[in-house]
Structure formats: C-alpha cells, structure tokens
Amino acid sequence: MALIVQKYGGTSVGSVERIQNVARRVAKWKNAGHDVVVVVSAMSGETNRLIDLARSIQPIPDRRELDVVASTGEQVTIGLLSMALMSLGVPAKSYNGSQVRLLTDSAHTKARILEIDSKNIQTDLRSGKVVVVAGFQGVDADGNITTLGRGGSDTSGVAIAAALGADECQIFTDVDGVYTTDPRLVPEARRLSTITFEEMLEMASLGSKVLQIRSVEFAGKYRVKLRVLSSLTDPDIALNEEENSGTLITFEEDKMMETALVSGIAFNRDEAKVTVLGVPDTPGVAFKILKPISDANIEVDVIVQNVSTDGKTDFSFTVHRNDFERTLESLKIVAKDIGARDVTGDDKICKVGLVGVGMRSHVGVASKMFEALSKEGVNIQMISTSEIKITAVIDEKYMELAVRALHQEFDLATSN
Ligand code: ADP
Ligand code: ASP
Ligand code: MG
C-alpha cells in the first residue's frame with residue numbers, strides 16, 4: 001500500500017464527464033489499496049474567465065481581491081470531484097487551501113508556500129477517505145486568500161506530497177508526459193521516458209508549462225518522486241501499466257544521457273526586455289537598477305551588460321510581460337537617480353532555449369545553435385548560458401520557426 005498524490009490540471013477536469021473519469025481513475029487506485037490525495041485545478045478556461053471578470057471592473061485589479069476571485073475556480077472542482085467519488089461509493093472530502101492550512105507568504109498572485117499542516121488530511125486518510133484539495137491557493141498568516149501564480153496547482157500537488165511524505169506525486173495532464181519540446185508546436189516531438197530533475201528545472205524556467213517551476217524546485221528539495229502522465233487515457237487502464245507510463249523525473253543521470261547532447265527545447269512568449277541606456281560604469285549600478293525591481297517582487301531573468309565606452313554602458317534584462325509596464329516605470333526613476341541617459345523596452349520578444357545534461361561534456365553546442373538560427377535569418381538579441389542550458393532572446397515573430405529549426409538541427413525526433 002502506498003500514499004499517492006495525484007494532481008489533475010484544467011483540461012483533465014474540464015467537463016462533468018472528465019471529472020467523472022477522474023473519479024473513476026482515483027477510485028481504481030483507492031480500491032487497489034492505496035491512500036490517495038487528489039489536488040485539482042479549476043476547470044479549463046475558468047481561471048482566465050475569472051481574471052477577465054476582475055479586469056472588466058478594475059483594469060489593474062487589486063491583488064488581494066484578484067486572489068479572492070481567481071481562487072474560486074478550484075473550489076468548484078473540489079466539490080464536484082468529491083461528489084463524483086461519492087457517487088462511485090468512494091468516501092471523499094474536499095478541502096480548500098485555508099481548510100488544509102496551506103500557509104503562504106502575503107505576495108498576492110504569486111505567493112510562496114511556507115508551511116502545510118497535514119494533520120486533518122492524515123486523519124481523513126486513516127478513516128478511509130480520499131482527500132480532494134484545491135490547488136493554486138493558500139492562506140497567509142492573517143487569513144487572506146492567496147494564489148501561487150499561474151499553473152500553481154502543480155506546486156500545490158508536489159508540496160502536499162512532500163508534506164505528507166507521499167510515495168509518489170503523479171501529475172496528470174492533457175499530454176502523456178514530458179516531450180523534447182511542446183508537441184503542440186512540433187508534432188514530431190518525442191516523449192521522454194525519463195528526464196533529470198536538473199533538466200526539468202531548466203525546461204520549466206524557460207517556460208515549458210507542463211510543470212510550474214516551483215513544483216520542480218519543491219520536488220528537488222524534498223526529493224519527491226514525480227511523474228507526468230496522461231489523464232486522457234481510459235480511466236480503467238491497468239494499474240501496473242499506468243504506474244510506469246508517462247515521464248519520470250529522475251535524480252540520477254542515466255548512462256544513455258551522456259550521448260544525448262540536448263534533451264529538450266523550451267520557449268516562452270510571455271517575455272519583455274528592458275534596457276537602461278548610457279549607465280555610468282561604476283560599482284553599484286547593477287544593484288541600484290535591480291534592487292527596486294526585486295523589491296517590487298518582479299523576477300528578472302537574462303541580464304546583459306556591455307563593455308563600456310567612455311565610462312558608459314547599456315544594461316538590459318528580461319522580465320515577465322505582465323511586469324513590463326511596472327518595470328519601465330520603476331527604471332525611469334532609477335535612471336534619473338544614477339544619471340543614465342534613457343530607458344527603452346520591447347515586449348515583443350521571446351526566449352528559446354536548449355537544455356541537456358549532455359552539454360556538460362560537449363563543446364560546440366552553442367555555435368551549432370547559433371548557426372541553425374542564422375540559417376533561418378533569426379537575429380539573436382541576448383544570450384545566456386548555464387552548464388546545461390543555452391538561452392537566446394529573439395523577436396517573438398520567429399519563435400515557432402526557431403523552435404522547429406533547432407528541433408531538427410539537434411535531431412530530437414529520433415531517440416539518440
Ligand atoms: P494542466 O492544465 O494539466 O496543468 P498545462 O496546460 O499547464 O496542463 O500543461 C500541459 C501543456 O504543456 C501541454 O498541453 C503542452 O502543450 C505544454 N507543454 C509545453 N512544453 C511541453 C513539453 N516539453 N512536453 C509536454 N508538454 C509541454
Ligand atoms: N487554475 C490555475 C491556472 O489556470 C492553476 C493551475 O491550473 O495550475 O493558472
Ligand atoms: Mg499547468
């Protein structure tokens with residue numbers, strides 16, 4: 001008997017029929033003798049609808065109230081799924097974030113989990129119930145409802161698995177695992193049966209939305225066994241077939257991977273670039289530029305600073321597109337302060353990146369990547385690298401072309 005946490009995303013619970021299928025799948029695991037905690041998202045499209053509603057009243061919604069509105073989608077799903085389980089004769093009980101007491105900080109719309117009280121869940125599991133928890137939401141120390149950022153139910157699932165010491169966290173979604181790149185963009189993309197935790201972290205950080213990055217961080221920190229698999233198969237599929245399906249996130253590099261130069265390609269369109277022009281090249285300016293940005297809880301990614309000519313340099317970095325306007329405003333104040341010439345920005349850019357532990361032991365991956373992009377006439381605006389990742393910032397209109405060209409160039413459709 002094992003303790004399993006299963007997370008089902010929006011498409012997987014997108015209709016009454018799909019919720020009933022989830023209930024059948026959960027019942028199958030429960031009836032096989034396992035303890036099951038289910039974490040669910042809002043029905044597909046629901047969170048977008050709720051956020052649009054908020055924006056129709058307040059174009060830049062108050063963040064606390066936005067969380068009150070956006071978190072309601074998940075509450076509908078937990079009730080419906082619990083009822084669907086009961087209809088199958090499986091005792092079930094739903095919990096929203098504050099009922100669990102999934103404690104977060106107070107950073108509304110992108111709160112971080114601080115602590116999870118697992119007492120109530122454990123009592124219910126002992127009494128034979130399936131526990132159904134609302135993903136994406138928590139509560140801060142003052143009792144305010146918080147949400148964990150878009151895609152945050154993945155993080156709820158993994159964090160609850162970690163708090164309960166679960167044997168496995170299964171992320172059920174609308175694809176049957178992690179692919180070499182988004183199969184919706186590149187139909188030849190290949191499913192990976194395993195991917196290392198490090199690679200998954202880089203893929204997620206580049207914007208591959210199959211797992212929210214914080215869920216991967218949690219899995220790494222608490223060594224949660226994590227698997228991504230399909231919710232769209234027949235719910236009555238044999239348990240032993242299902243438990244080995246999908247993609248397992250591993251902690252060990254397997255030997256085969258030494259030969260695979262690149263494991264995957266990720267991309268993200270929700271990016272924007274800002275540049276402070278003519279910055280005096282003196283100690284402390286990078287700090288002065290970035291401090292107010294991090295104080296405003298804005299995440300900064302690729303950072304580039306040029307060599308200075310005449311003691312002046314240009315300083316560029318990328319932020320999420322939603323944070324573009326706020327970043328520009330904040331930089332205009334800083335620019336005056338530090339005596340920079342001007343601030344410019346571009347919110348029509350995207351990030352495309354190669355990920356692979358094989359890069360550690362190979363040279364020439366970057367030049368092969370840049371050659372493939374140049375053959376397609378794609379101009380690279382910024383570059384950043386880590387040991388196992390190379391990211392290029394390019395004009396968003398070339399994103400699909402670039403991803404397809406790189407997938408082909410590195411021969412990812414064929415297993416190597
Ligand atoms: P859920 O609602 O289940 O959380 P998401 O839409 O958040 O599902 O994530 C699943 C989607 O992630 C897939 O439908 C796919 O389009 C996208 N995706 C992006 N990159 C990858 C990848 N490398 N492998 C698999 N899916 C990917
Ligand atoms: N419902 C939330 C969203 O759409 C959380 C999630 O699906 O993971 O972002
Ligand atoms: Mg998701």
Side-chain angles (χ1 to χ4, degrees), residues 6-14 18 22 38-52 66-67 69-78 96-97 109-111 133-138 146-159 169-195 199-216 227-232 246-247 249 262-270 322 351-356 399-400 403 406-407 412-413:
Q6 299 188 332
K7 179 261 168 176
Y8 291 89
T11 316
S12 313
V13 294
R18 291 221 166 131
V22 168
V38 190
V39 176
V40 287
S41 294
M43 296 167 78
S44 58
E46 189 56 16
T47 310
N48 286 344
R49 188 185 72 85
L50 293 165
I51 293 173
D52 286 348
L66 182 59
D67 276 351
V69 175
S71 62
T72 58
E74 273 70 12
Q75 190 161 325
V76 172
T77 323
I78 53 171
N96 69 23
T109 75
K110 40 180 152 181
V133 182
F136 182 54
Q137 55 177 265
T146 56
T147 65
L148 310 178
R150 298 308 305 269
S153 299
D154 296 332
T155 303
S156 312
V158 177
C169 179
Q170 301 170 335
I171 306 284
F172 283 91
T173 184
D174 57 4
V175 277
D176 62 350
V178 179
Y179 277 68
T180 47
T181 193
D182 190 341
R184 286 182 211 288
L185 191 72
V186 182
E188 312 81 61
R190 182 172 46 88
R191 182 175 60 81
L192 301 161
S193 54
T194 61
I195 183 168
E199 287 170 322
M200 194 63 239
L201 200 59
E202 297 285 23
M203 292 277 280
S205 80
L206 273 164
S208 165
K209 74 169 186 169
V210 63
L211 285 176
Q212 198 203 32
I213 183 162
R214 284 183 188 170
S215 71
V216 190
R227 184 181 291 278
V228 176
L229 63 176
S230 173
S231 71
L232 303 180
T247 302
I249 321 299
V262 172
S263 300
I265 300 172
F267 50 86
N268 191 355
R269 205 191 286 275
D270 302 327
N322 287 348
K351 267 190 316 195
V352 174
L354 298 181
V355 173
M399 191 184 79
E400 298 183 7
V403 174
L406 292 170
H407 200 268
L412 294 184

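Order of appearance sets the numbers: ligands from 1, and atoms from 1 within every ligand. Bear in mind that the values here come from a model prediction, so they are computed numbers and not experimental data. For this chain, numbers begin at 1 and follow the sequence in order.
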Under a plain distance cut-off of 3.5 Å, with no hydrogens placed, do Asp174 and Thr11 share a side-chain donor-acceptor pair? yes

Test item: side-chain donor near acceptor, Asp67 and Thr147, under 3.5 Å: yes

Might you work through the side chain to side chain contact (heavy atoms under 4.5 Å, CB included) test for Val186 and Tyr179, ending with a clear yes or no? CA-CA 10 Å; Val186 182; Tyr179 277 68; over 6 Å; no

Element-labelled atoms of ligand 1 that are located less than 4.0 Å from some non-hydrogen atom of [X]:
| X | value |
| --- | --- |
| Gly177 | 24 (N), 25 (C) |
| Thr173 | 1 (P), 3 (O), 8 (O), 10 (C) |
| Val178 | 24 (N) |
| Met203 | 23 (N) |

Quick one: [atom1] on [X] to [atom2] on [Y], what's the gap to the nearest 0.5 Å?
| X | Y | atom1 | atom2 | value |
| --- | --- | --- | --- | --- |
| Ser263 | Met203 | OG | CE | 8.0 Å |
| Lys209 | Asn268 | NZ | CG | 10.5 Å |
| Gln75 | Gln137 | CD | CD | 6.5 Å |

Heavy-atom contact under 4.0 Å between Pro183 and ligand 1? yes

Close approach, Ser44 and ligand 1, non-hydrogen under 4.0 angstrom: no

I need the contact type for [X] against ligand 1. Using non-hydrogen atoms and a strict under-4.0 Å cut-off, is it side chain, backbone, both or neither?
| X | result |
| --- | --- |
| Lys7 | side chain |
| Lys209 | both |
| Thr180 | neither |

N/O separation below 3.5 Å, Asp182 to ligand 1: yes

Ligand 1 to Tyr179 polar contact by distance, N or O atoms, under 3.5 Å: yes

Please report which non-hydrogen protein atom sits nearest to [atom], along with the residue it belongs to and the distance in Å to one decimal place.
| atom | answer |
| --- | --- |
| atom 14 (O) of ligand 1 | Arg184 NH2, 2.5 Å |
| atom 13 (C) of ligand 1 | Asp174 OD1, 3.5 Å |
| atom 2 (O) of ligand 1 | Gly10 N, 3.1 Å |
| atom 7 (O) of ligand 2 | Ser41 OG, 3.1 Å |
| atom 20 (N) of ligand 1 | Ser208 OG, 3.1 Å |
| atom 27 (C) of ligand 1 | Val210 CB, 3.7 Å |

Mind checking whether Glu74 contacts ligand 2 via backbone (N, CA, C, O), side chain (CB onward), both or neither, at a 4.0 Å heavy-atom cut-off? side chain

If we only count heavy atoms from C-beta on, is the Glu74 to Ser41 side-chain gap below 4.5 Å? yes

At their closest point, which heavy atom of [X] faces which heavy atom of [Y], and how far apart are they?
| X | Y | value |
| --- | --- | --- |
| Val210 | Asp154 | O-OD2, 3.8 Å |
| Ala266 | Ser208 | CB-CB, 4.0 Å |
| Leu211 | Ala204 | O-CB, 3.5 Å |
| Lys110 | Arg214 | O-NH1, 3.3 Å |

Provide the number and element of each atom of ligand 2 under 4.0 Å from a heavy atom of Gly151. 3 (C), 5 (C), 6 (C), 8 (O), 9 (O)

Suppose I only count heavy atoms of Arg150 and a 4.0 Å limit; which atoms of ligand 2 are within that range? 3 (C), 4 (O), 9 (O)

Is there a side chain to side chain contact (heavy atoms under 4.5 Å, CB included) between Ser156 and Leu148? Walk through the geometry before answering. CA-CA 8 Å; Ser156 312; Leu148 310 178; 3.4 Å; yes

For a side chain to side chain contact (heavy atoms under 4.5 Å, CB included) check, start with the C-alpha distance between Thr77 and Tyr8, then their side-chain angles and the critical distance, and finish with the verdict. CA-CA 10 Å; Thr77 323; Tyr8 291 89; over 6 Å; no

When you compare ligand 2 with [X], is there at least one nitrogen or oxygen pair between them that comes in under 3.5 angstrom?
| X | value |
| --- | --- |
| Asp154 | no |
| Gly149 | no |
| Lys7 | no |

Whether Gly10 lies under 4.0 Å from ligand 2, heavy atom: no

Donor-acceptor pair, side chain of Thr181 and main chain of Ala189, under 3.5 angstrom: no

